[in-house]
Undergrad: 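One structure is given below, represented as C-alpha cells, and several questions about it will come after.
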Amino acid sequence: MKIGVIGGGQLGRMLALAGTPLGMNFAFLDPAPDACAAPLGKHLRADYGDQEHLRQLADEVDLVTFEFESVPAETVAFLSQFVPVYPSADALRIARDRWFEKSMFKNLDIPTPEFADIQSQGDLDAAVASIGLPAVLKTRTLGYDGKGQKVLRTAEDVVGTFAELGSVPCLLEGFVPFTGEVSLISVRARDGETRFYPLVHNTHESGILRLSVASQSHPLQTLAEDYASRVLKQLDYVGVMAFEFFEVDGGLKANEIAPRVHNSGHWTIEGAECSQFENHLRAVAGLPLGSTAKVGESAMLNFIGEVPAVDKVAAIDECHLHHYGKAFKVGRKVGHATLRCADMASLEQKIAEVEGLIAG
Ligand code: AMP
C-alpha cells in the first residue's frame with residue numbers, strides 16, 4: 001500500500017519509519033528542498049496548493065494523510081475528489097481554527113477556558129472587560145509552539161495588542177491556573193473502534209514541549225477518555241488525534257486538539273506495544289488497531305536547536321535517540337530521546353542524565 005503524506009517533516013519521517021515494516025511505501029508533498037522525510041519515500045516538491053502535483057500525488061497513492069493541520073481546505077477538497085483522505089476535511093477545518101475548536105468543546109459539554117472571538121481592538125477591550133485578566137490572546141489559526149499568542153496580565157498589556165499579533169482574527173481565553181498539563185493520544189479506526197494511550201504529563205519551556213512522561217495510572221484517565229470519545233464520535237474521526245488538557249481543580253479543561261500524530265506521543269515508539277505512528281497508519285489503512293499498552297515506564301525529551309553529541313546519547317542505556325536529520329536552528333525541534341525503564345525511580349535518573357547532556 002502506498003501512502004501519500006501532506007508535509008515532509010519529522011512526523012512524516014516517523015510515519016514512514018513505522019509503516020515500512022508493514023509493507024507500506026510513502027510519498028511526501030512538501031515545498032521544502034530539505035524536507036527531512038524525503039529520504040524515506042518519494043518527495044514531490046511543490047506548494048500545498050499546487051494542483052498539478054496534488055493530482056500526481058493522488059494518482060500515485062492509495063490514500064492521503066497529513067502531518068500538520070494548517071493545510072488549506074482547498075487542498076483537502078481537491079485531493080478528496082480523487083483519493084480517500086484521512087482524517088476528514090471537517091476534522092482539519094475545526095482543529096486548525098481555535099474558535100471552531102473551542103466552540104466544539106462547548107457544544108459537547110467539555111470544560112474549556114472561557115473564550116471570546118476577537119476581530120478588532122474594540123472586541124478585545126470588551127472581552128477583557130467580561131473575561132478579566134490575566135488572559136491569553138491567541139491567533140485563531142497558524143499558532144504553534146507558543147507562537148502567535150500573548151499573555152495579558154495588566155491593562156497596559158491590552159493596549160495595541162490586537163495589532164501586535166498582526167490584526168488577524170484571534171481568540172481571547174481566560175488564563176487557567178493549572179497544576180499540570182496532560183495529553184491523551186487516541187486512535188480511531190474506520191469502523192469506529194477507539195483506543196487510548198496512557199495520559200502523558202507534559203512540561204513546556206517558552207511554549208515549546210520539553211519533556212513528556214507517560215503516567216502509570218492517572219486518576220483523570222477515564223475522564224479524559226470520556227471527553228475525547230465525544231469529539232472522536234462527533235467528527236466520525238479516523239486516525240490518531242491528540243488532546244491537550246489543563247489539570248485544574250482536580251478536573252480537566254480542554255486546551256486543544258491535534259488531528260495527527262503528536263510530539264507528546266513520540267515515547268510510544270519504544271514505550272508502547274504499538275506506536276502512535278503505526279496505529280495512525282493502521283487506522284487510515286483500514287487495518288486492525290494495535291495495542292496501546294505501555295511497556296515499562298517511559299519518557300521523551302525533545303532536543304531543541306541541536307542534538308547532543310550522538311556518542312554521548314548512545315552511551316546512556318535504555319535511551320533511544322531519534323535524530324531528525326534537520327539543520328540545527330534555535331527553537332527548532334531537531335530530535336528527541338525516548339527513555340524506557342523498568343521503574344519510575346530509574347526513569348527519573350535517566351531523565352536527569354539526558355538533561356545533563358542538553359545543559360552541557
Ligand atoms: P497552546 O498553543 O494553546 O497549546 O499554548 C501553549 C502553552 O501556553 C500551553 O501549553 C500552556 O502552557 C500555555 N497556555 C495556553 N493557553 C493557556 C491558558 N488559557 N491559560 C494558561 N496557560 C495557557
Side-chain angles (χ1 to χ4, degrees), residues 11 68-70 92 94-106 110-118 123-124 127-128 130-154 157-158 161-162 164-166 168-186 199-213 215 220 224 227-228 231 240-267 299-302 304 331-333 336:
L11 301 180
F68 70 109
E69 57 269 40
S70 301
L92 289 175
I94 290 173
R96 72 198 294 271
D97 186 316
R98 294 183 191 273
W99 168 257
F100 294 145
E101 190 178 49
K102 290 254 165 19
S103 302
M104 178 183 65
F105 294 149
K106 203 171 156 192
I110 300 169
T112 193
E114 249 194 288
F115 64 97
D117 186 26
I118 307 296
D123 285 350
L124 178 59
V128 166
S130 81
I131 291 178
L133 293 177
V136 189
L137 185 66
K138 301 177 177 180
T139 57
R140 273 177 55 167
T141 61
L142 300 173
Y144 68 99
D145 286 348
K147 294 185 180 74
Q149 61 178 267
K150 188 178 171 188
V151 179
L152 310 177
R153 296 187 186 280
T154 64
D157 289 343
V158 182
T161 305
F162 182 69
E164 216 179 288
L165 284 192
V168 292
C170 286
L171 201 76
L172 185 74
E173 286 178 21
F175 187 90
V176 180
F178 59 79
T179 50
E181 291 188 79
V182 289
S183 57
L184 182 71
I185 309 292
S186 66
L199 271 173
V200 182
H201 185 265
N202 299 316
T203 310
H204 296 83
E205 260 174 46
S206 312
I208 305 179
L209 181 65
R210 183 53 98 165
L211 170 70
S212 290
V213 182
S215 58
L220 297 172
Y227 293 156
V231 171
V240 162
M241 179 178 274
F243 294 79
E244 292 187 43
F245 295 105
F246 298 124
E247 271 184 275
V248 61
D249 301 329
L252 295 170
K253 280 194 177 177
N255 177 27
E256 61 181 359
I257 54 173
R260 55 172 167 78
V261 288
H262 192 254
N263 195 173
S264 68
H266 290 1
W267 63 273
M300 187 262 354
L301 283 111
N302 265 339
I304 296 158
R332 174 184 272 180
K333 293 171 182 168
H336 75 265

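Read the numbers this way: they start at 1 and go in the same order the structure lists the ligands and their atoms. The basis for the numbers below is simple: all heavy atoms, side chains too, and nothing from hydrogens, waters or symmetry mates. Values in this document were obtained by computation on a predicted structure and should not be read as measured data.
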Undergrad: Within the structure, is a non-hydrogen atom of Gly174 found at a distance of less than 4.0 Å from ligand 1?
TA: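 Yes, that is the case, since the closest heavy atom of the residue is under 4.0 Å from the ligand.
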Undergrad: Under 4.0 Å, heavy-atom basis, I'd like to know which part of Asn255 is in contact with ligand 1: side chain, backbone, both or neither.
TA: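 Side chain only; the backbone of Asn255 stays clear of ligand 1.
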Undergrad: Have a look at Lys138, Glu173, Glu101, Glu114 and point out the one with the heavy atom closest to atom 15 (C) of ligand 1.
TA: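 It is Lys138 that holds the nearest heavy atom.
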Undergrad: Are any non-hydrogen side-chain atoms of Arg98 and Gln149 less than 4.5 angstrom apart?
TA: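 Side chain of Arg98 against side chain of Gln149, heavy atoms only: contact under 4.5 Å found.
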Undergrad: Would you say Leu124 and Leu152 make side-chain contact, with heavy atoms under 4.5 Å?
TA: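 Yes, close enough: below the 4.5 Å cut-off.
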Undergrad: Could you list the residues that satisfy side chain to side chain donor-acceptor pair (under 3.5 Å) with Thr112, not counting sequence neighbours?
TA: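 Side chain to side chain donor-acceptor pair (under 3.5 Å) list for Thr112, sorted by chain: empty.
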Undergrad: For Phe178, take its heavy atoms, then give the atoms of ligand 1 lying under 4.0 Å from any of them.
TA: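 Near Phe178, the atoms of ligand 1 are 12 (O), 21 (C), 22 (N).
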Undergrad: Atom 12 (O) of ligand 1: which of Glu181, Glu244, Glu205 has the nearest heavy atom?
TA: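 Minimum heavy-atom distance to atom 12 (O) of ligand 1 goes to Glu181.
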Undergrad: Scan side-chain atoms only and decide if Thr141 and Asp97 contain a donor-acceptor pair under the 3.5 Å cut-off.
TA: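 Their side chains do not contain a donor-acceptor pair, so the 3.5 Å distance test is not met.
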Undergrad: Can you list the ligand 1 atoms lying under 4.0 Å from a non-hydrogen atom of Gln149?
TA: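 With Gln149 as reference, the close atoms of ligand 1 come out as 1 (P), 2 (O), 3 (O), 5 (O), 6 (C), 8 (O), 15 (C).
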Undergrad: Do Arg96 and Phe68 meet the cation-pi criteria used here (NZ or CZ under 6.0 Å from the six-membered ring centre, within 45° of the axis)?
TA: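 Output no; distance or angle outside limits.
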Undergrad: Could you check which of Thr139, Leu172, Val176 puts a non-hydrogen atom nearest to atom 20 (N) of ligand 1?
TA: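 Shortest heavy-atom distance from atom 20 (N) of ligand 1: Val176.
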Undergrad: Can you label the angle between the His336 ring and the His266 ring as parallel, tilted or perpendicular, going by 30° and 60°?
TA: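 The rings of His336 and His266 sit tilted, inter-plane angle from 30° to 60°.
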